[in-house]
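Here the structure is a predicted model, which is why all the values come from computation and not from measurement. Below, chains carry the letters A, B, ... as their sequence lines are ordered, and counting in each starts from 1.
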Protein chains: 2
Amino acid sequence: MEHVAARAGVSRALVSIVFRGVAGASEATRERVLAAARELDYRPDTRASRLGSSRTRTLGVTFAVGHAFHGDLLESLYTHADAAAYELVLSGVTPSRSEAAAVETLLAERCEGIILLGSSQETAQLERLAAHLPVVSVLRPVPGGGVGVVRTDDAAGLRLSVEHLRGLGHRRVALLDGGRTAGAAERRRGYRTAMRRSPALTEMILPGGVTELEGAEAARAFLRLGARERPTAVAAFNDRCAIGFVDVVRQAGLHVPGDVSVVGFDDITEAGYPHVALTTVRQDAERLGAETVRTLADRLDGGSPDGGSGTTPPAPVVIEPEMVVRASTAPATRRGVRS
Amino acid sequence: MEHVAARAGVSRALVSIVFRGVAGASEATRERVLAAARELDYRPDTRASRLGSSRTRTLGVTFAVGHAFHGDLLESLYTHADAAAYELVLSGVTPSRSEAAAVETLLAERCEGIILLGSSQETAQLERLAAHLPVVSVLRPVPGGGVGVVRTDDAAGLRLSVEHLRGLGHRRVALLDGGRTAGAAERRRGYRTAMRRSPALTEMILPGGVTELEGAEAARAFLRLGARERPTAVAAFNDRCAIGFVDVVRQAGLHVPGDVSVVGFDDITEAGYPHVALTTVRQDAERLGAETVRTLADRLDGGSPDGGSGTTPPAPVVIEPEMVVRASTAPATRRGVRS
DNA sequence: GTCACGAACTAGAGCGCTCTAGTCACCATC
DNA sequence: GATGGTGACTAGAGCGCTCTAGTTCGTGAC
């Protein structure tokens, strides 16, 4: 910076002004400084600038590395953080690197807010964290109100699923349950609500899960059922689970959707591939990301002058999901009852 | 820090000593300082500590968000960076955030070295970057020597594939090509070498790609072939491509491995699921990560006293892949020639 | 008793920025 | 010609650490 200032024949403060893009430098000087910087291959040190300023304008994100939907969310977060003049600091969660450890590094970076994708931490722990700085839990609801929440209306999603299947004439509609995963309880609730709305429907909950593996296991349980009790349609916890289910069912010689209709959840990229063509409930990653950044930016920049650890708990943002009908669901037929 | 020092009744410098874990504090004081820090919920500011010290001990990583194998690599990188007392700074690449932009933020963070997972930047650009600081390209070979390389022996991997299939009696073995992806050229070369080694083998290269989508398309091309020319075995660019291929082939009523044997590449988690049981060539994510960190740490901490932009170009590290035989390959039979 | 030495601890400059409180020149106003 | 205002620029303290060059003290050797 020193060198750039010297080369451009100005003070260091002026260089700072130019690089922060604030008012206080003439157009001519601005160009001269930028030219000098280019020649010297100078680039402001983000560590130092964050240290110097009162605000770091930095948002920390924990995410599961290699998780496809988290990837979609990150893309949206990057875009909207950029638009709101925030920087993102990523901290990955892996089998050997806990979410708590990931959060710890974000705190040490002095992020102004923290975004947790699909958090698996206990509510109490989240509340404790949220007492220090604004926290948004994405995908996973957190009761209490201290923690910001941006999520899809999971219950509504499963209601959509069930309605869709009921509309196709299905009566025995099973849920491949997500267990203790973020959002699973809500989806179970949505499933039950929708099923009980119509007395013709028969509930059945099979243990499912997050990955194809668990979908495949659920399929084996499904295949063990007798013809009379076997569901004619299945709503899966998510797309990957649905895909595993379909795979095994097909390998057993049954047809999807001929013998059993299947609905997923998420609408991951793979669900839209022609050879998969999974009917599913779409979570809008783009909007989830946008709302997350907005929630945080509002609190940080905006209204509450206490800098975010404010008394005004942000209202949870719940985004409506959307049914995406593809080729894995079809009207119920006699064949659905075939062995 | 001020407050912690006051509470523990020591100087700020002592607090620094304790938190850096260096010698120069008695056990009693150390405990007193840590206790004070705990009570005040103090945590050293990483930005400030990096600023203060001459070294940042920070490694920057660019990766594709949501990419499963990159996730595996990150896990290994986290572990080994930690062991070598380095911190990782992640910078995600998305469709709307280029690799160049990702690198730019890493440079502004003053990372000491840069790790690029499956880089798609041009060689010239990488060379330019490597002139400034140590760079390791993981998965993708870079000619020239200025850029460090840690990768799997892709060519050997495809030779293993072909050998395995030849050993099962297959003669018409096709490659589902990876196009311009990192490593694809090497794998193509390995395939050709192995095929030409034995005159009985008939080469055939079908356009493939990185995702299930492209594997599925390749399968459609495969199905259009007449019975006499149709390969009895297929070596795919990677597991996802293989999985898409298998999926479509099965939906068309053919059997894997009965009608066609399929080999993948990578050994992603999914390949090991019982209902997938894909025979594949394993890339050792754990070792790739370990070698990457070692390469960088050696250069940064070790021998060359110039701090890494040294004259000694690091030799590329090439890791041998390993054949993992599962249920998607079987001996060639008459049925392999069936329409 | 004194000297050397090491272990425990401290003072204070410095890292590369930001940002407040200026200075200075220039112009318009009355 | 004094006054005020404005845009362009600068000086210098401060952000929260690290790290070098100390100081202080207790101990063992002679």
What does A:R110 touch in the nucleic acid at a heavy-atom separation under 4.0 angstrom: a base, only the sugar-phosphate, or nothing? sugar-phosphate
On DNA chain C, does the nearest nucleotide to B:G24 precede the nearest nucleotide to A:R47 from the 5' side, or the other way round? Give the residue. B:G24
In terms of ring plane angle, is the pair B:Y42 and B:F19 parallel, tilted or perpendicular, where the classes change at 30° and 60°? perpendicular
Whole-Å distance separating the CD atom of A:E27 from the P atom of D:dC9: 11 Å
Using a cutoff of under 3.5 Å, can you pull out all pairs of nitrogen or oxygen atoms linking the protein to nucleotides 18-22 of chain D, with atom names and distances?
residue : atom : partner : partner atom : Å
D:dT18  : OP2  : B:S16   : OG           : 2.2
D:dT18  : O4   : B:R12   : NH2          : 3.4
D:dC19  : OP2  : B:R20   : NH1          : 2.8

Just the rounded figure in Å: distance from C1' of C:dA7 to CZ of B:R30. 12 Å
Check this for me: does any side-chain nitrogen of one of A:R50 and B:E109 sit under 4.0 Å from a carboxylate oxygen of the other? yes
Measure the CG-CG distance between A:L59 and A:L296 for me, rounded to the nearest 0.5 Å. 4.5 Å
Rounded distance in Å - CD (B:E2) to P (D:dG16): 10 Å
Against the side chain of A:S26, the closest entry in C:dG16, D:dA8, D:dT10 is D:dA8
Taking B:D301 first and then B:R57, would you say they form a salt bridge - that is, a charged N and a carboxylate O separated by under 4.0 Å? yes
A:H3 NE2 to C:dC17 C1': how many Å, rounded? 15 Å
Evaluate the side-chain proximity of B:I114 to B:L107: yes if any heavy-atom separation is below 4.5 Å, no if none is. yes
Paired with A:E291, the side chain to side chain contact (heavy atoms under 4.5 Å, CB included) test is passed by just one of A:D284, A:I319, A:V138, namely A:I319
From CG of B:L40 across to P of D:dG16 the rounded distance in Å is 14 Å
Roughly, in whole Å, what's the span from CZ in A:R32 to P in D:dA8? 13 Å
Using a heavy-atom cut-off of under 4.0 Å over every strand shown, decide if B:T29 touches base, sugar-phosphate, or nothing. sugar-phosphate
